[in-house]
Amino acid sequence: MSAEGIHKAFGTHQVLKGVSLDVARGEVVTLIGASGSGKSTFLRCLNLLELPQAGKLAAGEHRFEFGTGRKAPDDARLALLRRDVGMVFQHFNLFPHMNVLANVTEGPVQVKGMAKAEANELGRDLLDKVGLADKADAFPSRLSGGQKQRVAIARALAMKPDVMLFDEVTSALDPELVSEVLAVIRNLAAEGMTMILVTHEMAFAADVSNRVGFMNEGVMAEIGSPDDVIRKPRNPRLATFLERFHQGHG
Ligand SMILES: Nc1ncnc2c1ncn2[C@@H]1O[C@H](COP(=O)(O)OP(=O)(O)OP(=O)(O)O)[C@@H](O)[C@H]1O
């Protein structure tokens, strides 16, 4: 998928100042940067949870262009895009009144009209994939945060997206639960899923990403291999960010 020249302002606050990103099929790209640099906003622009004021977006056969005088895309087009560009959030937002399997099958049944039996089979396969085969009948309130987040990942995968967006999906978890969620993402990467992640897990980012982008004050200040961006940064702002980061997470 690709985004070109994405601009986004909230009121007078220009949060994204022309951000571009091209992600190849099967590629894993991680976005890092200080709090407020625009990482989440950019990610949300990639499936149009936020509508940019200017820029272009292309994902599979979906094409959008934003700018003065252009009409906002209608809900039907947005829904079609979001089928193909799945997203997992910091907070899992599971349906509390549905068991785990129903949470996973809700999308395929309601949005895609998949037959219940087929959806259940798909849902069980996906729960198996995220290590929760034995939790199909459990309700979300009985799960740990790490388990909830793995259900949320299975739910997003149930739509068979071409691209997955992960927005700080381990930030709300107790430290001991982080690795089980990262392991699921790592497996998806190994299977060739195209993914764009925002994370503060720097070692994980260095390990799993094909490329890492450093966002600073609403621009993509640097993008390159994990070696160039995380391990041997040359950009002084990036070096300062990483130094502060390591001090804070020492
Ligand atoms: N819906 C909104 N309305 C107004 N301002 C917003 C909105 N969403 C984000 N912002 C502002 O945009 C700026 C960038 O936020 P964003 O969440 O994209 O940053 P971030 O780099 O992801 O930071 P963090 O690492 O803290 O999540 C912040 O100043 C934030 O307050």
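Order of listing sets the numbers, starting from 1, for every ligand and every atom in it.
- Between atom CG of residue N47 and atom NE2 of residue H62 there is a gap of 11.0 Å, rounded to the nearest 0.5 Å.
- For atom 12 (O) of ligand 1, the nearest non-hydrogen atom of the protein is V15 CG2, 3.2 Å.
- Remark: K39 does not engage D167 in a salt bridge, criterion side-chain N to carboxylate O under 4.0 Å.
- Looking from atom 17 (O) of ligand 1 to the surrounding protein, the closest heavy atom is S40 CB, 3.6 Å.
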Which side-chain N or O atoms in residues 110-137 pair as donor and acceptor under 3.5 Å with protein atoms at least two apart or in another chain?
| residue | atom | partner | partner atom | Å |
| --- | --- | --- | --- | --- |
| K112 | NZ | M159 | O | 2.7 |
| K129 | NZ | E191 | OE1 | 2.7 |
| K129 | NZ | E191 | OE2 | 3.0 |

I'd like to know whether R70 forms a salt bridge (charged side-chain N to carboxylate O under 4.0 Å, His left out) with E65, so could you lay out the CA-CA distance, the side-chain angles of the two residues, the decisive distance to 0.1 Å, and finally the verdict. CA-CA 8 Å; R70 287 184 185 274; E65 196 164 343; 3.3 Å; yes
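- Here H13 has side-chain heavy atoms under 4.0 Å from ligand 1, and that is the only part of it that gets that close.
- For atom 30 (C) of ligand 1, no protein heavy-atom neighbour is present inside the 4.0 Å cut-off.
- Taking the centre and axis of the six-membered ring of F64, the NZ or CZ atom of R77 falls inside the cone set by 45° and 6.0 Å.
- Near H200, meaning under 4.0 Å from one of its heavy atoms, ligand 1 places the atoms 25 (O).
- Heavy-atom distances between R44 and ligand 1 stay at or above 4.0 Å for every pair.
- Close to ligand 1: E168, with a non-hydrogen atom less than 4.0 angstrom away.
- No side-chain donor-acceptor contact under 3.5 Å links E106 to the backbone of P108.
- Nearest protein heavy-atom contact of atom 3 (N) of ligand 1 is F10 CD2, 3.4 Å.
- Among all non-hydrogen protein atoms, the one lying nearest atom 25 (O) of ligand 1 is K39 NZ, 2.8 Å.
- Panel note: side chain D174, backbone E176; no donor-acceptor pair is recorded below 3.5 Å.
- Checking each of I230, N216, V229 against L238 for a side-chain contact (heavy atoms from CB on, under 4.5 Å) leaves exactly one that passes, namely V229.
- G36 counts as a contact of ligand 1, since one of its heavy atoms falls under 4.0 Å from the ligand.
- Close to ligand 1: A34, with a non-hydrogen atom less than 4.0 angstrom away.
- Looking at ligand 1, you'll find an N or O of T41 within less than 3.5 Å of one of its N or O atoms.
- Considering backbone and side-chain N/O of G38, one or more are found under 3.5 Å from N/O of ligand 1.
- Closest to atom 26 (O) of ligand 1 among all protein heavy atoms lies S35 OG, 2.6 Å.
- Side-chain contact, N210 with E27: no donor N or O sits under 3.5 Å from an acceptor N or O.
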